[in-house]
Q: 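Got a structure for you, written out below as structure tokens; questions coming shortly.
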Amino acid sequence: MPKVALDMSVSLDGFASGPDDDLSRIHAWIGEADAQEAVDEFLAAGAVLAGRRTFDKGQESWGDDPPFPMPVFVLTHEKREPLTKGASTFTFVSDGIEEALRQARAAAGDEDVVVMGGTSIARQYLSAGLVDELRLHLVPTLLGLGIPLFSPVGGPSAEWRRTKVVEADGVTHLWFEAIR
Ligand SMILES: NC(=O)c1ccc[n+]([C@@H]2O[C@H](COP(=O)([O-])OP(=O)(O)OC[C@H]3O[C@@H](n4cnc5c(N)ncnc54)[C@H](OP(=O)(O)O)[C@@H]3O)[C@@H](O)[C@H]2O)c1
């Protein structure tokens with residue numbers, strides 16, 4: 001049964017990005033040699049859900065050939081035409097998180113759907129109890145300021161069972177499944 005996984009990096013003090021949306025520290029692990037397993041798991045998703053700010057912020061670093069072999073569904077309140085960039089397709093969904101998930105599941109077929117952030121959509125999917133698995137990349141830094149990943153989150157997503165830990169260079173990868 002395909003899962004909905006939230007796959008994000010987080011600092012020790014719970015931030016998903018530093019001041020001014022800075023991801024340089026929190027995503028530094030992705031460039032390390034032993035990052036491949038976690039990156040490959042992300043790349044195996046059948047579809048990805050992203051918030052519009054994450055889409056906008058990614059434009060510069062992703063360049064003309066964004067790193068998404070799977071369809072990406074971008075939540076926004078604005079109606080926008082789909083966009084193809086390199087091998088990546090971005091479909092903009094303005095009917096809310098459940099409709100975006102419905103479209104992502106349909107596109108993903110037997111594969112998992114990954115919520116890649118940012119924090120606004122992550123918290124909404126968590127609060128609605130729609131996340132089956134947390135894949136957290138815990139980065140040993142105290143950012144002090146930035147956008148908190150989990151605050152606020154309410155609803156049924158309170159309890160998790162840790163299913164796997166992988167120690168890597170500059171990051172600890174943690175997997176949890178939702179206890180329902
Ligand atoms: N640590 C990580 O792994 C990681 C991963 C990804 C992103 N990030 C960081 O997270 C930050 C972005 O997070 P964020 O919380 O500011 O923004 P976000 O979640 O990426 O996007 C927020 C936008 O999504 C749209 N949206 C949200 N909920 C919606 C809904 N229910 N219906 C329709 N549209 C909806 C709205 O777009 P409109 O304004 O267009 O309506 C909203 O402004 C950035 O700093 C980014 O770099 C970190």
Side-chain angles (χ1 to χ4, degrees), residues 4-32 35 37-43 45 47-63 66-68 70 72-83 88 90-104 112-131 133-155 157 166 168 170-176:
V4 177
L6 174 68
D7 188 326
M8 290 182 72
S9 301
V10 63
S11 67
L12 283 183
D13 49 351
F15 291 104
S17 57
D20 301 323
D21 295 305
D22 182 14
L23 285 179
S24 57
R25 177 66 188 94
I26 208 130
H27 273 172
W29 65 269
I30 294 173
E32 299 294 333
E37 183 186 343
V39 172
D40 285 349
E41 186 180 39
F42 177 87
L43 292 175
V48 163
L49 290 158
R52 193 269 309 160
R53 286 199 71 238
T54 293
F55 169 79
D56 281 355
K57 296 285 161 196
Q59 291 310 301
E60 197 176 320
S61 57
W62 300 338
F68 302 106
M70 72 298 275
V72 181
F73 294 86
V74 180
L75 274 146
T76 174
H77 294 94
E78 192 188 324
K79 293 216 180 304
R80 288 171 70 166
E81 290 302 311
L83 175 72
S88 302
F90 299 92
T91 301
F92 298 91
V93 184
S94 56
D95 302 315
I97 60 166
E98 295 195 8
E99 172 58 18
L101 179 56
R102 190 194 64 74
Q103 292 187 27
D112 291 347
V113 171
V114 164
V115 179
M116 67 171 276
T119 57
S120 162
I121 72 156
R123 292 183 210 144
Q124 290 177 65
Y125 280 111
L126 283 167
S127 296
L130 293 171
V131 177
E133 181 175 76
L134 288 178
R135 301 176 189 165
L136 294 181
H137 313 290
L138 183 64
V139 180
T141 183
L142 297 170
L143 289 177
L145 285 173
I147 307 183
L149 176 52
F150 292 122
S151 179
V153 169
S157 292
V166 173
V171 65
T172 304
H173 305 289
L174 296 160
W175 285 256
F176 301 88

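Order of appearance sets the numbers: ligands from 1, and atoms from 1 within every ligand.
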Q: Quick check for you: to the nearest 0.5 Å, what is the distance between Leu6 atom CG and Met8 atom CE?
A: 6.0 Å
Q: Taking the ring of Phe55 and the ring of Phe92, is the distance between their centroids below 6.0 Å?
A: yes
Q: Distances for all N or O pairs of ligand 1 and the protein under 3.5 Å?
A:
unit_1, atom_1, unit_2, atom_2, d
ligand 1, 1 (N), Ser9, O, 2.8
ligand 1, 1 (N), Ala16, O, 2.8
ligand 1, 3 (O), Ser9, N, 2.8
ligand 1, 3 (O), His27, NE2, 3.2
ligand 1, 13 (O), Thr119, N, 3.3
ligand 1, 15 (O), Thr119, N, 3.3
ligand 1, 15 (O), Thr119, OG1, 2.6
ligand 1, 15 (O), Ser120, N, 2.7
ligand 1, 16 (O), Arg53, NH1, 2.5
ligand 1, 19 (O), Gly118, N, 3.4
ligand 1, 19 (O), Ser120, N, 3.3
ligand 1, 19 (O), Ile121, N, 3.3
ligand 1, 20 (O), Thr54, N, 2.9
ligand 1, 20 (O), Thr54, OG1, 2.6
ligand 1, 20 (O), Gly118, N, 3.0
ligand 1, 21 (O), Arg52, N, 3.4
ligand 1, 21 (O), Arg53, N, 3.2
ligand 1, 24 (O), Arg52, N, 3.2
ligand 1, 24 (O), Leu75, O, 3.3
ligand 1, 28 (N), Gln124, NE2, 2.8
ligand 1, 31 (N), Gln124, OE1, 2.9
ligand 1, 34 (N), Thr76, N, 3.2
ligand 1, 39 (O), Arg52, NH2, 2.8
ligand 1, 40 (O), Arg52, NE, 2.8
ligand 1, 40 (O), Thr76, OG1, 2.7
ligand 1, 41 (O), His77, N, 2.8
ligand 1, 41 (O), His77, ND1, 2.7
ligand 1, 45 (O), Ser17, OG, 3.1
ligand 1, 45 (O), Asp21, OD1, 2.6

Q: Quick check: closest heavy atoms across Pro66 and Ser88, and the distance to 0.1 Å?
A: O-OG, 2.9 Å
Q: Can you tell me how the ring of Phe68 sits relative to the ring of Phe90, calling it parallel under 30°, perpendicular over 60° and tilted otherwise?
A: perpendicular
Q: For the pair Thr76 (side chain) and Arg52 (backbone), establish whether a donor and an acceptor sit closer than 3.5 Å, ignoring hydrogens and angles.
A: no
Q: Tell me, which pairs form a salt bridge (charged side-chain N to carboxylate O under 4.0 Å, His left out) where one or both residues lie in residues 5-17, sequence neighbours left out?
A: Asp7-Arg135
